Amino acid sequence: MTQKMTPDVVVLGAGIVGICSALSLAEKGLHVRLIDRGAPGQATSFGNAGIISPWSVVPQSMPGLWKKVPGWLLDPLGPVTVKPSYLPRVALWGMRFLSEGRMSRVHEVARAMDVLNRDNVDLFRQHLAGTGHEDLLQDSWYVHAFRNGDDANDDSVDYRIRKEFGAPIEKIGQADLRALEPDLTPDFKAAILIKGQARATSPGRIGEVLADKFRAMGGETLQHSVQAILPREDGSWDYTTEAGTENVSKLVLSAGIWSRELLKPLGIHIPMESERGYHVSFASPGVSLTHSVMDMDMKFVASSMEEGLRVAGTAEFAGLDKPLNQKRLDGLVTLARNLLPGLNDTDISTWSGQRPSLPDSLPCIGEVDGFPGLIAAFGHSHYGLMMAPKTGRIVADIATDTTVNIDLTPYRVRRY
């Protein structure tokens with residue numbers, strides 16, 4: 001029986017951020033162990049809308065958002081819901097979130113988002129190169145569709161921010177939108193196109209393919225539940241799973257929302273909330289989309305993927321342990337029918353997962369203050385797929401004591 005090598009670095013959490021971190025570490029010549037309770041890339045990373053945009057530089061919290069939230073919460077098909085019994089717990093997070101929407105802060109956050117997103121398409125193509133699955137990434141536009149043509153204002157704050165970072169943006173009318181995406185409802189009167197980006201035709205398969213590449217490079221993947229982490233006096237780290245306790249010199253924490261729980265015993269409290277997302281897939285939709293489409297009235301995204309048509313969206317705050325909300329899934333089916341009148345909805349599959357969200361829309365990346373050898377890579381909320389390749393490169397530079405040529409201050413774990 002071959003004895004396992006002692007890893008140089010252990011990555012806790014095998015979502016797309018953990019996978020990209022493990023890949024970048026392996027590319028540096030390190031022996032890396034990747035641990036997750038599930039198969040790599042098949043939890044939260046599996047369920048997203050597949051958008052990979054260098055222009056995703058607009059924070060979730062924006063000026064004036066507070067005016068829209070009450071209406072969203074009252075609408076059963078709206079983009080946000082809060083379980084009433086969970087409201088007291090999420091209230092402080094919500095106030096912090098809304099406070100991040102002041103204009104001066106928005107521009108700071110946008111710059112930090114740009115750092116993590118600007119090269120994401122090229123970096124993903126580099127990761128997929130040579131795997132035989134390069135077609136999992138397709139050139140795409142982002143179609144923001146509006147039922148009221150007057151709402152399609154490409155000079156609004158969010159589009160101005162994108163333009164400042166170089167996004168090619170075009171406004172089109174109803175006829176051009178019908179020509180571009182003929183299966184969309186004719187109720188849409190205008191659209192704003194964000195060009196120069198890509199989409200994943202199967203986020204879950206990207207995770208599988210990149211995990212296979214990691215293993216082919218000598219990396220090790222284990223399916224265990226991580227129960228605790230603890231520093232030793234010599235600067236190394238113990239990590240405990242159901243298989244026992246092991247020691248490693250450097251530990252990367254990329255366990256999403258569960259990173260918060262692992263840090264609590266160390267006296268580190270992160271204002272990170274579990275934001276449940278949902279998607280519905282239609283296996284034989286009878287309609288298709290060439291690009292990723294966002295219904296700007298209802299704030300959800302539709303995209304054609306390998307398994308059919310996927311409709312993804314909604315944010316539900318209810319806590320980690322609450323069962324999924326069937327009403328949210330039923331609502332997505334209704335929204336999909338409204339978006340695509342010719343949709344065949346007889347063969348449906350559903351998904352739900354937990355996004356790790358911080359109030360400022362930025363993740364935690366970097367060595368944790370006061371805990372050498374513990375490297376954070378979590379909290380990417382809606383942007384995990386997009387920010388994963390750059391996050392992985394930063395993690396690898398930190399772990400190998402390579403100079404990181406960017407300012408990591410916006411991503412500090414203890415910034416709150």
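Remember, it's a predicted structure, so these values are computed and weren't measured experimentally. Counting from 1, the numbers follow the sequence of the chain as shown.
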Student: If we check side-chain hydrogen bond (donor to acceptor under 3.5 Å, both in side chains) with Arg147, which of these qualifies: Asp297, Asp187, Thr185?
Tutor: Asp297
Student: Quiz question: by atom type and distance under 3.5 Å, do the side chains of Tyr239 and Arg33 form a donor-acceptor pair?
Tutor: yes
Student: Just checking, is any N or O donor in the side chain of Asp330 or Gln326 under 3.5 Å from an acceptor N or O on the other one?
Tutor: yes
Student: Identify which one of Val57, Val157, Ile161 satisfies the side chain to side chain contact (heavy atoms under 4.5 Å, CB included) criterion when paired with His107.
Tutor: Ile161
Student: Over all heavy atoms of both residues, which pair between Leu25 and Ala399 is shortest? Give the atoms and the distance, please.
Tutor: CD2-CB, 3.5 Å
Student: Just checking, any donor-acceptor pair under 3.5 angstrom between side chains of Arg355 and Thr44?
Tutor: no
Student: What is the minimum heavy-atom distance between Leu34 and Gly13, and which atoms define it?
Tutor: CD1-O, 3.5 Å
Student: Taking the six-membered ring of Trp141, is the NZ or CZ of Arg199 close enough (under 6.0 Å from the centre) and on axis enough (within 45°)?
Tutor: no
Student: Within the 3.5 Å criterion, strictly below it, is a donor on Glu316 or Tyr86 matched to an acceptor on the partner's side chain?
Tutor: no
Student: Within 45° of the six-membered ring axis of Phe46 and under 6.0 Å from that ring's centre, is NZ or CZ of Arg310 located there?
Tutor: yes
Student: Side chain to side chain contact (heavy atoms under 4.5 Å, CB included) with Ile365: which of Ile375, Thr391, Val17?
Tutor: Thr391
Student: If you apply the rule side-chain contact (heavy atoms from CB on, under 4.5 Å), what do you find for Phe317 with Ser274, and how did you get there?
Tutor: CA-CA 7 Å; Phe317 295 92; Ser274 56; over 6 Å; no
